[in-house]
2 protein chains.
Amino acid sequence: MDVKFNNRDPVYIQVIRHFKEKIATGGYEPGQEIPSRRELANNLKINPNTAQRAYKEMEEEGLIFTEGNLPSRITNDPEVIRNVRKELILEAVHSFVASVQSINVPLEEALHLVKENYQRNKNEQEESL
Amino acid sequence: MDVKFNNRDPVYIQVIRHFKEKIATGGYEPGQEIPSRRELANNLKINPNTAQRAYKEMEEEGLIFTEGNLPSRITNDPEVIRNVRKELILEAVHSFVASVQSINVPLEEALHLVKENYQRNKNEQEESL
DNA sequence: AAATATGTATTAACCTCTTAATACACACCA
DNA sequence: TGGTGTGTATTAAGAGGTTAATACATATTT
């Protein structure tokens with residue numbers, strides 16, 4: 001459990017993002033137990049209320065569920081899990097396309113830059129293992 | 001002069017972004033006069049100080065310059081103008097690649113989605129003319 | 001000289017997010 | 001039975017950033 005926080009976005013938003021990424025990549029199984037609010041707050045050195053805020057939103061989105069006073073769990077609904085990945089990808093694509101089109105970058109140039117950058121990052125990741 | 005504001009980012013940041021896009025696409029010539037702080041504020045229905053904040057940052061970045069108490073002008077330095085486009089593109093590419101890699105989207109899928117989305121947007125833009 | 005428009009500066013109000021301090025109900029376990 | 005660990009809720013305070021209101025100096029124009 002380790003999250004790199006930036007100073008731009010609210011902490012609870014970044015926590016949600018972290019869980020979504022983990023769910024989308026299969027880092028969490030359906031129904032799997034996640035850390036309690038207090039435990040998460042301890043791990044990430046954040047306030048328990050901030051953890052609660054993140055969990056509450058995730059519950060409202062159907063990403064996690066809570067039974068009684070037990071630690072929350074990842075949803076069992078495979079449809080929801082598939083959608084998490086879809087939404088993250090679509091959001092990234094839309095944002096990127098909107099950006100490059102707003103400055104009239106031709107499609108070919110955009111594709112080329114993505115390809116180049118993707119592979120460079122990939123290499124750097126592999127080298128640091 | 002028309003800017004679509006979102007509620008996420010500070011207004012002055014979105015104003016700067018608007019000018020950068022306009023500079024990057026050649027919508028402003030080097031040395032061209034831009035609206036005064038108060039005029040911009042009127043056009044965009046924002047506070048004059050917010051306009052001032054945006055202009056001040058752009059001046060610190062070398063994008064615009066001000067002589068006496070005349071309306072500011074776009075920089076005459078072609079190098080700065082080229083860099084605006086470069087930075088906007090790189091920022092978009094980095095952000096996009098980081099996002100798709102964080103959820104293990106294969107390069108080919110990412111490229112395909114960008115291509116698809118780019119062309120759909122393009123068509124919609126052309127239809128609405 | 002007066003009016004208007006410019007950039008600039010200072011101060012205050014406002015808003016969101018974060019943190020904090022408690023409190024409550026419930027369940028489990030030693 | 002008492003202690004501990006859950007989730008949940010309420011209230012308040014703090015901090016940072018954004019926006020707003022106002023004032024000032026200067027230049028241009030009428």
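We name chains A, B, ... by the order of the sequence lines, and we start the count at 1 in each one.
- For a distance-only test at 3.5 Å, the side chain of A:Asn47 fails to qualify as a donor-acceptor partner of the base of C:dA21.
- The interatomic distance linking A:Asn6 (CG) with C:dC17 (P) rounds to 14 Å, in whole Å.
- Spacing between atom OH of B:Tyr55 and atom P of C:dA9 amounts to 17 Å, rounded to whole angstrom units.
- Candidate nucleotides D:dG7, C:dT8, C:dC17 were compared by shortest atom distance to the side chain of A:Thr66, and D:dG7 ranks first.
- If you take CD of B:Glu33 and P of C:dT6, they are 9 Å apart, rounded to a whole angstrom.
- Here the rule is side chain to side chain contact (heavy atoms under 4.5 Å, CB included) with A:Ser72, and of A:Leu63, A:Ile34, A:Leu40 only A:Ile34 fits it.
- The CD1-P distance, from A:Ile46 to D:dA15, rounds to 20 Å in whole Å.
- Between the CZ atom of B:Phe65 and the C1' atom of C:dG7 there is a distance of 15 Å, rounded to whole Å.
- Atom CD1 in B:Ile13 sits about 18 Å away from atom P in D:dG16, given to the nearest Å.
- With hydrogens and angles ignored, a donor-acceptor pair under 3.5 angstrom links the side chain of A:Asn69 to the base of D:dT6.
- A salt bridge between A:Lys122 and A:Glu127 is absent, with no side-chain N of the basic residue lying under 4.0 Å from a carboxylate O of the acidic one.
- Where A:Pro10 and B:Ser36 meet DNA chain C, the nucleotide closest to each residue was compared, and B:Ser36 sits on the side nearer the 5' end.
- Linking Ile, Leu, Val, Met, Phe, Trp and Tyr residues whenever their side-chain heavy atoms come within less than 4.5 Å leaves B:Phe65 and B:Phe19 in two separate clusters.
- The nearest whole Å value for the distance from the CG atom in B:Asn49 to the P atom in D:dC24 is 16 Å.
- Look at CD on B:Gln52: it is 16 Å from P on C:dT11, rounded to the nearest Å.
- Side chain of B:Asn6 to main chain of B:Asp9: a donor-acceptor pair is present (N/O by atom type, distance under 3.5 Å, no hydrogens or angles).
- One cannot find a donor-acceptor pair under 3.5 Å joining the base of D:dG5 and the side-chain atoms of A:Arg38.
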Q: Please lay out, stage by stage, how A:Glu59 and A:Thr66 fare under the test side chain to side chain donor-acceptor pair (under 3.5 Å).
A: CA-CA 8 Å; A:Glu59 186 142 19; A:Thr66 311; 3.0 Å; yes
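- Of the candidate nucleotides D:dT18, C:dT19, C:dT8, C:dT19 has the atom lying nearest to any side-chain atom of A:Thr50.
- Residue A:Arg37 places none of its side-chain N or O atoms closer than 4.0 Å to OP1 or OP2 of D:dT6.
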